[in-house]
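Heads up, the thing below is written out as structure tokens.
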Amino acid sequence: MLPKLHLILLILLISPGISGKAQNQTKPNIVYILADDMGIGDASCYNPESRIHTINLDKLAENGLRFTDAHTSAAVCTPTRYGILTGRYNWRSTLKNGVLGGYSAPLISTDRLTVGNILQNSGYHTAFVGKWHLGWDWSFKQEYENIDNLNRILEVDYSQPIQNGPNQVGFSYAYGFSSSLDIPPYVYIENDRVTALPDRRTVNVDEKGFWRDGPTGADFEHVQVLPHLTDKAVDYIRRQSATSDPFFLYFALPAPHTPILPTTEFMGKSNTNMYGDFMLQVDDVVGRIAEALEEQGVLDNTLFIFTSDNGCSPRADYPELERVGHDPSGGFRGHKADIYEGGHRVPFIVHWPERVSPGQTSGQLICTTDLMATVAEMLNRQLPDNAGEDSFSFLPLLEQPNAKAARPSIVHHSIEGRFALRRDQWKLIFWPGSGGWTEPLTRDGLEGLPDWQLFDLSADPSEQNNLVEAYPGRVKEMKEEMIRLIKNGRSTPGPVQKNDGPEVWAQVGWAYE
């Protein structure tokens with residue numbers, strides 16, 4: 001009988017689903033840190049001339065993989081966040097330009113598959129901590145029109161739970177606030193409840209420390225938000241590391257976005273300006289998260305990604321930083337909101353000792369929408385036809401950084417909803433200007449300029465020499481590709497999908513019949 005009993009025990013141990021701990025230990029934890037309004041030149045591992053020395057980001061890069069041609073799906077907050085979680089370009093959603101407000105309805109439909117859903121279905125505990133900026137349903141005291149207005153204060157019953165928030169789109173645990181730190185309301189949400197009712201209204205009109213007038217929770221202090229959220233993230237890592245389940249932490253920082261409010265220990269530390277000091281605080285947050293993972297013994301088997309949601313904001317004061325020799329855009333043209341590279345080319349660092357060799361660099365083209373396909377391939381999961389329509393896996397690049405990338409091209413998008421298409425070294429902008437906040441800003445200022453802009457980024461990374469008239473054939477090919485990408489509802493192979501809301505032909509720069 002004894003040999004038979006041993007055989008039964010062996011079968012039980014190796015059978016799928018029986019020993020969850022043994023199985024789940026083979027799955028990596030995932031930590032995704034998203035900075036807010038950080039330029040590629042703000043990380044010293046990308047900018048040898050940087051006056052801001054980001055020692056923790058540099059260490060992450062030294063021991064991992066640094067992508068040099070990584071892009072957000074848009075040049076502003078909300079649309080990039082939508083793309084990260086859904087693997088879909090934001091302009092296929094109902095949001096065709098701009099960002100959501102603090103009272104906005106949810107942009108992600110609860111029937112759309114997200115990265116969180118995939119991981120939950122694969123045995124992960126999932127958490128969101130930080131800045132959401134994707135909308136949820138508040139309990140309004142009356143009916144309103146135009147709830148997306150950033151400067152409007154709406155009457156909310158804060159004692160009632162929110163609906164259709166992070167918990168409903170793939171997160172087991174959620175802690176954060178609805179929008180940016182300069183857009184009201186200023187209250188924390190834990191899962192579906194406000195942690196403390198508003199007891200006052202606050203406002204700050206300082207240029208860098210600016211935030212709009214709005215109701216503020218009794219436990220909400222702007223200058224302490226970043227440290228507080230970091231404590232929450234560290235606590236989550238410690239808590240989940242003690243369990244047998246792998247975890248996914250999406251840590252969306254509110255910094256270095258306005259209000260630029262470094263705590264006392266970082267004031268003056270960068271020898272640049274307040275923005276530089278705040279960047280060093282962001283770098284310190286990265287160090288604290290890495291330290292927490294290492295303390296729990298899970299750093300080696302954690303896919304740790306750091307990136308930004310778009311380029312640096314002009315609120316950082318570019319002229320002031322230039323006077324001390326620092327360029328947040330790292331030599332690229334433009335900044336946050338723009339269709340130019342400074343608006344959407346971002347730092348993207350991957351640290352995963354069990355799979356990624358130290359000190360690697362990849363020049364392959366990737367996008368922040370690519371997380372979904374990467375996670376799916378890592379878990380050997382097949383995405384359904386109506387999910388991850390613009391997501392290409394970069395998993396093979398983690399072990400072979402110079403292998404051929406899965407992504408053939410990428411669509412860029414500005415705050416005004418203007419488009420550009422990138423393929424190989426070529427970038428075609430379907431607009432005469434920046435489509436954002438860089439001059440010239442008006443149609444009058446654009447008069448006399450070619451309707452479109454074509455740049456060879458290999459020879460002209462700062463986008464100074466418009467070649468649109470020199471290469472009419474290439475312009476025609478790229479326009480035709482852009483038409484296909486819009487009409488097909490996807491850029492990945494698969495059946496045609498439907499875009500939400502009105503189509504975007506006028507914003508692309510032509511009428512389509």
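Excluded from the calculations below are hydrogen atoms, water molecules and symmetry mates; all remaining heavy atoms, backbone and side chain alike, are included. Because the structure is predicted, anything quoted here is derived from the model rather than measured.
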Should we say atom CD of E469 is surrounded by more than 12 heavy atoms from elsewhere, each under 6.0 Å from it? no

Residues, nucleotides or ligands: over 12 heavy atoms within 6.0 Å of E294 CD: no

Closest non-hydrogen atom pair between [X] and [Y], with its separation:
| X | Y | value |
| --- | --- | --- |
| I429 | F455 | CD1-CE1, 3.8 Å |
| T78 | L107 | CG2-CD2, 3.9 Å |
| F278 | L261 | CE1-O, 3.6 Å |
| D58 | C45 | OD1-N, 2.9 Å |
| S393 | A406 | O-CB, 3.7 Å |
| P246 | G123 | CD-O, 3.7 Å |

Handout entry: D69 vs R422, salt bridge (charged side-chain N to carboxylate O under 4.0 Å, His left out): CA-CA, chis, key distance, verdict
Key = CA-CA 11 Å; D69 203 356; R422 167 78 184 281; 2.6 Å; yes

Strictly by modelled atom types, are [X] and [Y] linked by a side-chain donor-acceptor pair under 3.5 Å?
| X | Y | answer |
| --- | --- | --- |
| Q453 | Y340 | yes |
| S313 | Y275 | no |
| N90 | S93 | no |
| S391 | T369 | no |
| D42 | H326 | yes |

d(D309 CG, D37 CG) to nearest 0.5 Å is 5.5 Å

Value for CG (L398) from CZ (F67), rounded to nearest 0.5 Å, stands at 5.5 Å

Between [X] and [Y] (salt bridge meaning N to carboxylate O under 4.0 Å), is one present in this structure?
| X | Y | value |
| --- | --- | --- |
| R92 | D390 | yes |
| R474 | D456 | no |
| D231 | R288 | yes |
| R88 | D500 | yes |
| R81 | D36 | yes |
| K427 | E341 | yes |

Can you tell me how the ring of [X] sits relative to the ring of [Y], calling it parallel under 30°, perpendicular over 60° and tilted otherwise?
| X | Y | result |
| --- | --- | --- |
| Y236 | H125 | tilted |
| H413 | W91 | tilted |
| F394 | F348 | perpendicular |
| Y250 | W132 | perpendicular |

If we only count heavy atoms from C-beta on, is the [X] to [Y] side-chain gap below 4.5 Å?
| X | Y | value |
| --- | --- | --- |
| V169 | L85 | no |
| Y82 | S73 | no |
| Q240 | Q296 | no |
| V115 | I84 | no |
| P328 | H335 | no |
| I305 | L371 | yes |
| V324 | N271 | no |
| S270 | M279 | no |

Determine whether a donor-acceptor pair (N or O, by modelled atom type, separation under 3.5 Å) exists between the side chain of [X] and the backbone of [Y].
| X | Y | result |
| --- | --- | --- |
| E389 | T492 | no |
| T307 | I349 | no |
| N29 | F247 | yes |

Next item on the list: Apply side-chain contact (heavy atoms from CB on, under 4.5 Å) to the pair L303 and V31, showing each step before the final yes or no.
Entry: CA-CA 6 Å; L303 172 58; V31 173; over 6 Å; no

* Asked: Does the side-chain contact (heavy atoms from CB on, under 4.5 Å) test come out yes or no for W426 and L467, once each step is laid out?
  -> CA-CA 10 Å; W426 297 98; L467 302 173; 3.9 Å; yes

With a cut-off of under 6.0 Å to the ring centre and 45° to the axis, is R345 in cation-pi contact with Y46?
-> no

- Message: Assess the residue pair E295 and R238 against the criterion (side-chain contact (heavy atoms from CB on, under 4.5 Å)); give the C-alpha distance rounded to whole Å, side-chain angles, the decisive distance to 0.1 Å, and a yes or no.
- Response: CA-CA 9 Å; E295 285 177 350; R238 290 172 177 164; 3.6 Å; yes

Next on the checklist: One pair to check against side-chain contact (heavy atoms from CB on, under 4.5 Å): I33 and F304. What are the steps and the verdict?
Outcome noted: CA-CA 8 Å; I33 298 183; F304 187 172; 3.5 Å; yes

